[in-house]
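Lettering of chains follows the sequences in order, A, B, ..., and the numbering in each one begins at 1. Heavy atoms only: backbone and side chains are in, while hydrogens, waters and symmetry mates are out.
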Amino acid sequence: MSKKLTSRSEDYSKWYNELVVKADLAENSAVRGCMVIKPYGYAIWEKMQAELDKKFKETGHQNAYFPLFVPKSLFEAEERNAEGFAKECAVVTHYRLQNDPDKPGKLRVDPEARLEEELVVRPTSEAIIWNTFKGWVQSYRDLPLLINQWANVVRWEMRTRLFLRTAEFLWQEGHTAHATKVEALDEAKLMNGVYANFVENFMAIPVIQGVKTENERFAGADETYCIEALMQDGKALQAGTSHFLGQNFAKAFDVKFANKEGKQDYVWATSWGVSTRLMGALIMTHSDDHGLVLPPSLAPNQVVIVPIYKSEDDLNEITEVANSILADLRSKNRTAKFDNRTTHRPGAKFAQHELQGVPLRIAIGPKDLANGTVEIARRDTLTKEIVSLNYLAARVEALLEDIQSSLYNKALNYRDTHSTEVNSFDEFKDVLENKGGFISAHWDGTNDTEDKIKDLTKATIRCIPLENKKEEGVCVFTGNPSKQRVLFAKAY
RNA sequence: CGGGGUGUAGCGUAGCCCGGUUAUCGCGCCACGUUUGGGACGUGGAGGCCGCAGGUUCGAAUCCUGCCACCCCGACCA
C-alpha cells in the first residue's frame, strides 16, 4: 500500500475509495456489495446516531424494532411501493441446508425445505410496520403514533460503493400515523427540517431543503421532502428524505381509527430516513488530499497529543503535561487522546492522524517543556501555532469552534460558487459539462421533459427548493411556460 | 443481463507470447541494535496449493478446456 493518497484532481473516485480504506473507516467484505464498517468508521456513525436519536426523542418519537423479513403477501399490499422496490429485493425461499450427496463435505439447499411463502428481506419497512400499526390504532386517542427504528436494510444494487451505495446499509426509518392530513404533512416537513438542522450544524454540510418531482418521489409517497448536498466534484448527493404517504399505506393495510365524531377514518402517514450514506457525504464534503477532515462535533477524538522526546525523562515530563491537558479537556466534554505509542515515530503519527481527520493535534517536545508551550496544528487548514500552556484550554475551545464553523462556511462557499442560473439548454449543457454543481433552471413541470433531459445529460431534478422565489419563465428544454426554477444536477 | 478486463505472499507487482535450476521486486510483518520537532536506518528472518478443476508434456505460473471470483463501462439505485 502506497503512503500517499491518490489526489482528488487525479481521480476523484479513486481518491474516495482509497480514503475510506486507508483512514480505516470501512472495507469490502467477502459478501458482494456488502461492507465491513471498521471501528473508527463506526465510531463516527455512532456519533451521528447519538445526535439524531436525541433529536428524534426531543420531537416526541420512540424507538422500536420490527422484523428483518417481510412476507411477500404483506410486501405487495401497497402496490406502488412494492413495484418500486421489486427489482432489488433479496428473497428467502428456503429454511434449511443439508449435506450434498454429490459433493462430500459440501452443503446444498434442502429442496424439501421450501418456504410456504417467500420472505422478502426488507428494503424498507413500511409493509411490516403498517401491518403492525393496524393492531395499535383504534381511536384518535392512539394518535399520533411516532415510531423510529434503527436497522439494516438490503437493496440488491448492481454497482456498489463503500458507504454511498451498498447492498446492505444501516439507517434509521421513522414511521408515523396521524389523525389528519395537515398533521402528517407537518410531521414530514418537521423531520426534513430536523435532518437539515443536523446535517448543517453537526456535520457542517450545507443542504437545500426541497420537494422531489413525481419522477423522483419515493414509491408509495404522495410527496417526498429531501435535503440535497453538493459534493466537491460538483455532483449532488441526496442526504435524507422525508415522505408524506397520504392514506396509501393506511388503505393498503386497513389502518382505521374512530375520530372524535365516532366515524371511522383512515390514518395519515409519514416515513423518513437517513443512512450510512451520510458517511459518504461527510467524506466528500470536507476531506482533502491528505485524508479525512472531520468537523469537531463528529470526531471520535477531537484532540490528539503527540509526544516528541529523546530520553525517558523527557517522556515522563511530557506525560505529566499531557495528562493535565487531557483532564482539563475532558472536564469540558471534549474528547482527547494521548498517542504515546512507542512503536511509531512522531512523523508517522502526524501522518496517521491527518489521514484520519483528527481536528487538532498538540505536539509536546523538549523545546516546549523548556518554554511552557505546546504546538497546535489544525487539520482543516494544516496551520500550526505555538501556544503557552496558560492559554491552551481557551485556545483549544476557540479553535474547535472555529474549525466547525469554517468547515461549514467553506462548503457553503463552494456550493454558492457552484450554483448557476441558466436560461437556455446550451447554457445548461455547458455549465453541466464544464463547471458542474447545481443548475437552477425553468422546467415545464412534465415527467416527459425531465426524462428527456436526463437521457441527454444525465442530470436529474434534485428538488424544487422549499424557499423558492416565484418567477415566471419558460422551460429551458421545451420553451413551455414555467412558474418557478428547479434545481438540476448530476447525482450520486 | 450486454461490452471489456484481471486473478501470483497481508497489499501492490515481475515472470506468461517463446514451458526448463530454489517464482521477481517494493511496501507491510517478525527479531536485534541505533533512532524520535513531518511517513527512520542497518543487519538478519518469516511468509506462496502462481483463483479452482481437468487435460497436453519427461517437465506447467507459463499451452488447452471448463468453472469460479472480482474489477471497469452501460441499464437500475438512498
Side-chain angles (χ1 to χ4, degrees), chain A residues 1-6 11 13-14 17-18 21-22 27-33 83-89 103 106 123-124 152-161 163-173 195 212 215-219 221 224 226-229 236-243 271-281 290-291 306-312 314-315 318 339-356 361-371 373-377 382 384 386 454-455 458 460 462 491-492:
Chain A
M1 190 147 64
S2 71
K3 282 179 177 169
K4 283 230 156 108
L5 224 45
T6 299
D11 186 340
S13 131
K14 197 170 175 191
N17 290 331
E18 282 183 11
V21 172
K22 288 188 180 176
E27 63 187 32
N28 279 307
S29 72
V31 189
R32 195 201 76 96
E83 212 184 297
F85 286 101
K87 284 169 294 184
E88 44 189 305
C89 286
K103 296 176 187 162
K106 302 285 184 189
T124 180
N152 59 339
V153 288
V154 169
R155 297 182 188 175
W156 212 261
E157 301 290 353
M158 293 316 226
R159 296 194 57 202
T160 59
R161 288 189 73 193
F163 289 120
L164 294 173
R165 181 169 295 109
T166 46
E168 179 194 21
F169 57 94
L170 304 184
W171 76 346
Q172 58 69 218
E173 47 182 328
Y195 288 155
K212 289 291 186 187
N215 264 358
E216 300 279 326
R217 202 177 284 158
F218 177 75
T224 288
C226 64
I227 52 173
E228 293 284 330
L237 186 122
Q238 178 175 306
T241 48
S242 179
H243 316 292
S271 70
W272 27 274
V274 295
S275 71
T276 37
R277 186 179 230 207
L278 287 177
M279 293 286 292
H290 298 273
V306 177
I308 295 156
Y309 57 94
K310 288 190 167 49
S311 66
E312 281 294 309
D314 282 351
L315 179 59
I318 292 166
D339 185 357
N340 60 353
R341 288 175 298 172
T342 54
T343 49
H344 297 259
R345 299 170 84 232
K349 293 178 184 179
F350 291 176
Q352 187 198 335
H353 295 125
E354 256 159 37
L355 184 58
Q356 298 199 297
R361 180 188 71 229
I362 296 177
I364 310 174
K367 285 183 224 162
D368 297 302
L369 290 178
N371 301 331
T373 58
V374 300
E375 179 195 82
I376 307 188
L382 297 169
K384 299 176 194 174
I386 304 293
K454 184 181 178 182
D455 285 346
K458 289 184 180 166
T460 51
R462 301 321 305 152
Y492 274 96

Whether A/Lys367 and A/Glu375 form a salt bridge (side-chain N of Lys/Arg under 4.0 Å from carboxylate O of Asp/Glu) is what I want to check.
no
For A/Gln238 against A/Thr241, the heavy-atom pair lying closest together
NE2-CG2, 2.9 Å
If I pick the C1' atom on B/A14 and the same atom on B/A9, what distance separates them, to the nearest angstrom?
14 Å
Measuring only the C1' atom in each nucleotide, how far is B/A75 from B/G26? A whole number of Å is fine.
41 Å
Is the backbone of A/Pro123 close enough, under 3.5 Å, to the side chain of A/Arg155 for a donor and an acceptor to pair up by distance?
yes
Taking the same atom, C1', in B/C49 and in B/A61, what whole-Å distance lies between them?
12 Å
Rounded distance (Å) that lies between atom C1' of B/C76 and atom CD of A/Glu83
14 Å
Starting at CZ of A/Arg161 and ending at C1' of B/C72, how long is that distance when rounded to a whole Å?
12 Å
Once each nucleotide of nucleotides 35-40 of chain B is scored for protein heavy atoms under 4.0 Å, what B/S/- sequence comes out, 5' to 3'?
BBBBBB
Counting any heavy atom closer than 4.0 Å, what does A/Glu157 reach on the DNA or RNA strands: base, sugar-phosphate only, or nothing?
base
Please evaluate residues A/His344 and A/Gln352 with respect to the criterion side chain to side chain contact (heavy atoms under 4.5 Å, CB included), reporting the C-alpha separation (whole Å), side-chain torsions for both, the decisive distance (0.1 Å), and the verdict.
CA-CA 10 Å; A/His344 297 259; A/Gln352 187 198 335; 5.5 Å; no
Taking the C1' atom of each, how far is B/U13 from B/U6, in whole Å?
13 Å
Can you tell me, in whole Å, how much space there is between the C1' of B/A69 and that of B/A53?
14 Å
Assign A/Leu237 to base, sugar-phosphate, or nothing according to its heavy-atom contacts below 4.0 angstrom with the strands shown.
nothing
Do any N or O atoms from the side chain of A/Lys349 and from the backbone of A/Arg341 form a donor-acceptor pair under 3.5 angstrom?
yes
Describe the nucleic acid contact of A/Thr166 in one word from base, sugar-phosphate, nothing, applying a heavy-atom distance below 4.0 Å.
base
Go through it in stages, so that I can follow the logic: the residues are A/Leu5 and A/His290, the test is side chain to side chain contact (heavy atoms under 4.5 Å, CB included), and I'd like the CA-CA distance, side-chain angles, deciding distance and then a yes or no.
CA-CA 7 Å; A/Leu5 224 45; A/His290 298 273; over 6 Å; no
Once ring pair (Phe, Tyr, Trp, His ring centres under 6.0 Å) is applied, do any residues pair with A/Trp171, and if so which ones, sequence neighbours excluded?
A/Phe169
To the closest 0.5 Å, what do you measure between CD1 (A/Ile364) and CG (A/Leu315)?
10.5 Å
Rounded to whole Å, how long is the line connecting atom NZ of A/Lys22 with atom C1' of B/G12?
10 Å
Gap between atoms CG and C1', on A/Asn215 and B/C76 respectively (whole Å):
14 Å
What pattern of brackets, bars and dots sums up RNA chain B from 5' to 3', given Watson-Crick or G-U wobble pairs under 3.5 Å, [ ] for crossing pairs and | for another strand?
(((((((..(((.......[....))).((((((.....)))))).....(((((..]....))))))))))))....
Can you tell me, in whole Å, how much space there is between the P of B/G7 and that of B/G15?
10 Å
When the ring planes of A/Tyr195 and A/Trp272 are compared, do they come out parallel, tilted or perpendicular, using 30° and 60° as the limits?
perpendicular
Pick the C1' atom in B/U22 and in B/G3, then give their distance to the nearest Å.
43 Å
To the nearest angstrom, the CG-C1' distance between A/Asn28 and B/C11 comes to 14 Å
So, does A/Asp368 use its side chain to make a donor-acceptor pair with the main chain of A/Gly365 at under 3.5 Å?
yes
Contact class for A/Phe169 (heavy atom, under 4.0 Å): base, sugar-phosphate, or nothing?
base
Provide the distance between the two P atoms, one in B/A23 and one in B/A31, to the nearest whole Å.
27 Å
